[in-house]
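Read the numbers this way: they start at 1 and go in the same order the structure lists the ligands and their atoms. Along the sequence shown, the residues carry numbers beginning at 1.
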Amino acid sequence: MTRKTHILAIDQGTTSTRSIVFDSKARSLALSRREFTQHYPNPGWVEHDVEDIWRDALDTAREAIEQSGGVDRIAGLGITSQRETVVLWERSTGKPVHRAIVWQDRRTAAFCAELKRDGAEEMVRAKTGLLLDPYFSASKITWLLDNIPGLRARAEAGELAMGTIDCFLLWRLTGGKVHATDVTNASRTALFNIHTQQWDHELLALFNVPQALLPALCDNSGELGMTDPALFGQSIPIGGMAGDQHAALVGQACFKPGMAKATYGTGCFMLLNTGDKPVTSHHRLLTTIGYRIGGKTTYALEGSIFVAGAAIKWLRDGLHLITHASQTDDMATRVPDSHGVYMVPGFVGLGAPHWDPEARGLICGLTLGSTEAHIARAALESVAYQTFDLAHAMREDGAMQAQTLRIDGGMSANDWFSQFLANILDTDVQRPVDLETTALGAAFLAGLATGVWQSLEEIGTIWEQERLFTPDIDGALRLTLLRGWEDAVRRTLTPPHETTSVTSARRDQAA
Ligand SMILES: Nc1ncnc2c1ncn2[C@@H]1O[C@H](COP(=O)(O)OP(=O)(O)O)[C@@H](O)[C@H]1O
Ligand SMILES: O=P(O)(O)OC[C@H](O)CO
């Protein structure tokens, strides 16, 4: 009999779906990837057709299995996905009742503001570690139940199931047998209490979400279900599941308190391992579950930036300045600086640390000397500046002592960006050999459950650095650049907001 030592990971991201097969040395044997259509039915709205997502998940998984030597070698499957995005489907048919409302969607901004005015934010923050913002799943579920005729009654009658993308994929992969989500994805819904690790009745009442909709809760690694044998020719044990950013924390082997990673995909999400205690931020960062294995929880502090690679995608698809994202590397190198141009990519509002859902993007400092290279460079720089604001907030919270940051995701392939990031953070930036860290993390979780790897310690020894970027910038220039960024952010925020990055004086002191 063929020894089963390969692990399949399905990584369902905001703009693309990938399936990768890894061997027991965590080497990628086969990768299949598809970009899918984004739907923008109204300004600030973002939707996904979940049948597109299911088709791509299945097709890419089948291709990767085929290219890696067949299903006989596959020991287990790990699922990871974009978080917060909400799907409602019929339990009897498995059919979605609406397109998924995506994490970037701002349609519930007014509802969240109303809840905030009613004084609900403190309770939400204390129980969930999150804020009252349209980013999280709960208000999106409320919107669907209140705006699509008949849905609330059907939900209350137990006819419908709710899930984030991980949960929907698990349901479909098991042929409708398992309705469950893992605790990391649950921790992003604003309905899950991160302290009791259960769905919370007070939160369900606040958002008016019927309990009958909710999935069961599970660890990130374990016996989560078996795939329907009709899908891949034989059943595969599903051994791992996690939100993509949490999977990346595992894929980057950030297993010790103080270790941090930032994943640069559509958005950028920086997670810092805080160990077995949840840390409450005083700078509007999120407290979240890092991972839970064998019932033991590791917490993380998270800074969420809504637009990172999406700004580069906009240069390509919106402005037609480039035809491929990687061109920005050369363009940024071509000019000595951004010529005073700043971009604040608030296309879908601003996330941490500002949390301003009504803010919109801005390019400032334009002169007749500004060129497309300056704009491309400003777009890359904006992602580094936003990361600085997160790292700074983590330091102010006393949580980040580490002098290195591990990076991954599509945008981290950009050498110029990675060096500028190290310069602006004044921190060493480590890039691993495999930038598909999210999928690797899901594979690690599945491999732990199926005996391919024995422990997190063993996984830690597999992580391998490809390149180290060390800071190489004049200190005074760095501070001037940061002041320019702070000024640009101030212009972007909607009135009564103030920049929540500390004042220049305090930051100069800290920097
Ligand atoms: N070389 C590059 N330089 C800058 N941005 C890049 C580069 N390659 C990819 N990107 C950006 O990274 C994003 C894709 O990363 P990926 O990790 O696949 O995202 P997601 O998981 O959110 O779909 C796109 O938004 C793209 O614009
Ligand atoms: O698709 P990504 O990689 O940008 O990640 C999306 C996040 O999970 C949203 O919270």
Cation-pi, Phe136 ring and Arg83 (6.0 angstrom, 45 degrees): no
Is there a nitrogen or oxygen of Gly410 sitting under 3.5 Å from a nitrogen or oxygen of ligand 1? yes
So is Arg18 close enough to ligand 1, meaning a heavy atom under 4.0 angstrom away? yes
Atoms in ligand 2 flagged as close to Gly267, the criterion being non-hydrogen separation under 4.0 Å: 4 (O)
Using a 4.0 Å cutoff against the non-hydrogen atoms of Gly13, which atoms of ligand 2 qualify? 1 (O)
Below 4.0 angstrom from a heavy atom of Trp103, which ligand 2 atoms are there? Numbered from 1 as shown, please. 6 (C), 9 (C)
Any N or O of Thr266 that comes nearer than 3.5 Å to an N or O of ligand 2? yes
Which residue owns the protein heavy atom closest to atom 22 (O) of ligand 1, what's the atom, and how far is it? Thr266 OG1, 2.5 Å
Examine ligand 1 and decide if any of its atoms is less than 4.0 Å from a heavy atom belonging to Asp329. no
Option whose closest heavy atom lies nearest to atom 2 (C) of ligand 1, chosen from Ala332, Ala325, Ala439: Ala325
Which option, Ser81, Ser16, Gly265, Ala311, owns the non-hydrogen atom nearest atom 13 (C) of ligand 1? Gly265
Regarding ligand 1, does Gly309 bring an N or O atom to under 3.5 Å of one of the ligand's N or O atoms? yes
Is it the case that the side chain of His179 and the backbone of Cys167 share a donor-acceptor pair, with hydrogens and angles ignored and the cut-off at 3.5 Å? no
To the nearest 0.1 Å, how far is atom 8 (O) of ligand 2 from its closest protein heavy atom, and which atom is that? Asp244 OD1, 2.6 Å
Among all protein heavy atoms, pick out the one at the shortest distance from atom 10 (O) of ligand 2; state its residue, atom name and that distance to 0.1 Å. Glu84 OE1, 2.6 Å
Could you state the interatomic distance from OG1 (Thr492) to CD1 (Ile363), rounded to the nearest 0.5 Å? 11.0 Å
Pairwise distance CD1(Ile10) to CD1(Ile165) - rounded to 0.5 angstrom: 12.5 Å
Ligand 1 to Thr15, heavy atom cutoff 4.0 Å, flagged ligand atoms 20 (P), 23 (O)
Could you walk me through whether Arg334 and Asp329 pass the salt bridge (Lys or Arg N to Asp or Glu O under 4.0 Å) check? CA-CA 9 Å; Arg334 221 189 297 149; Asp329 202 323; over 6 Å; no
Specify whether Tyr385 and Trp485 have parallel, tilted or perpendicular ring planes, treating 30° as the upper limit for parallel and 60° as the lower limit for perpendicular. parallel
Part of Arg188 with heavy atoms under 4.0 Å of ligand 2, whether side chain, backbone, both or neither: neither
Could you identify the single nearest non-hydrogen protein atom to atom 12 (O) of ligand 1 and state the distance to 0.1 Å? Met411 N, 3.6 Å
Thr14 contact mode with ligand 2 (heavy-atom cut-off under 4.0 Å): both
Does Arg106 count as lying over the ring of Trp45, i.e. NZ or CZ under 6.0 Å from the six-ring centre, within 45 degrees of the axis? no
Can you sort out which atoms of ligand 1 are near Ala310, meaning under 4.0 Å from one of its heavy atoms? 25 (O)
Apply side-chain hydrogen bond (donor to acceptor under 3.5 Å, both in side chains) to residues Thr80 and Asp166 and explain how you reach the verdict. CA-CA 6 Å; Thr80 181; Asp166 57 298; over 6 Å; no
Is Gly243 near ligand 2, meaning one of its heavy atoms is under 4.0 Å from it? no
Atom pair OG1 (Thr438) and CD1 (Ile20), whose distance is rounded to the nearest 0.5 Å: 9.0 Å
Between Thr328 and ligand 1, find which residue part has any heavy-atom pair under 4.0 Å and reply side chain, backbone, both or neither. side chain
Hey, does the side chain of Asp397 reach the backbone of His282 with a donor-acceptor pair shorter than 3.5 angstrom? yes
Quick one: nearest non-hydrogen protein atom to atom 1 (N) of ligand 1, plus distance? Ser326 CA, 3.4 Å
Looking at Asn414, which atoms of ligand 1 are within less than 4.0 Å of one of its heavy atoms? 3 (N), 4 (C)
Spell out, as yes or no, whether a donor-acceptor pair under 3.5 Å connects the side chain of His324 to the backbone of Ser326. yes
Would you give the length of the straight line joining atom OG1 of Thr184 to atom CZ of Phe192, rounded to the nearest 0.5 angstrom? 9.0 Å
Which bit of Arg33 is near ligand 1, meaning a heavy atom under 4.0 Å away: side chain, backbone, both or neither? side chain
Checking side-chain polar atoms at under 3.5 Å, does Thr263 have a donor or acceptor matched by the opposite partner on Lys261? yes
Can a donor-acceptor pair be found, under 3.5 Å and without considering hydrogens, that links the side chain of Thr437 to the backbone of Ala248? no
Considering only heavy atoms of Gln82, which atoms of ligand 2 have at least one such atom less than 4.0 Å away? 8 (O)
Those atoms of ligand 2 less than 4.0 Å from some heavy atom in Tyr135: 9 (C), 10 (O)
Close N or O approach (Arg83, ligand 2; < 3.5 Å): yes
Where's the contact between Ala308 and ligand 1, heavy-atom distance under 4.0 Å: side chain, backbone, both or neither? neither
From CA spacing to verdict: side-chain hydrogen bond (donor to acceptor under 3.5 Å, both in side chains), Arg188, Thr288: CA-CA 8 Å; Arg188 316 297 298 185; Thr288 199; 3.2 Å; yes
Residue Glu66 excluded, over 12 heavy atoms near CD under 6.0 Å: no
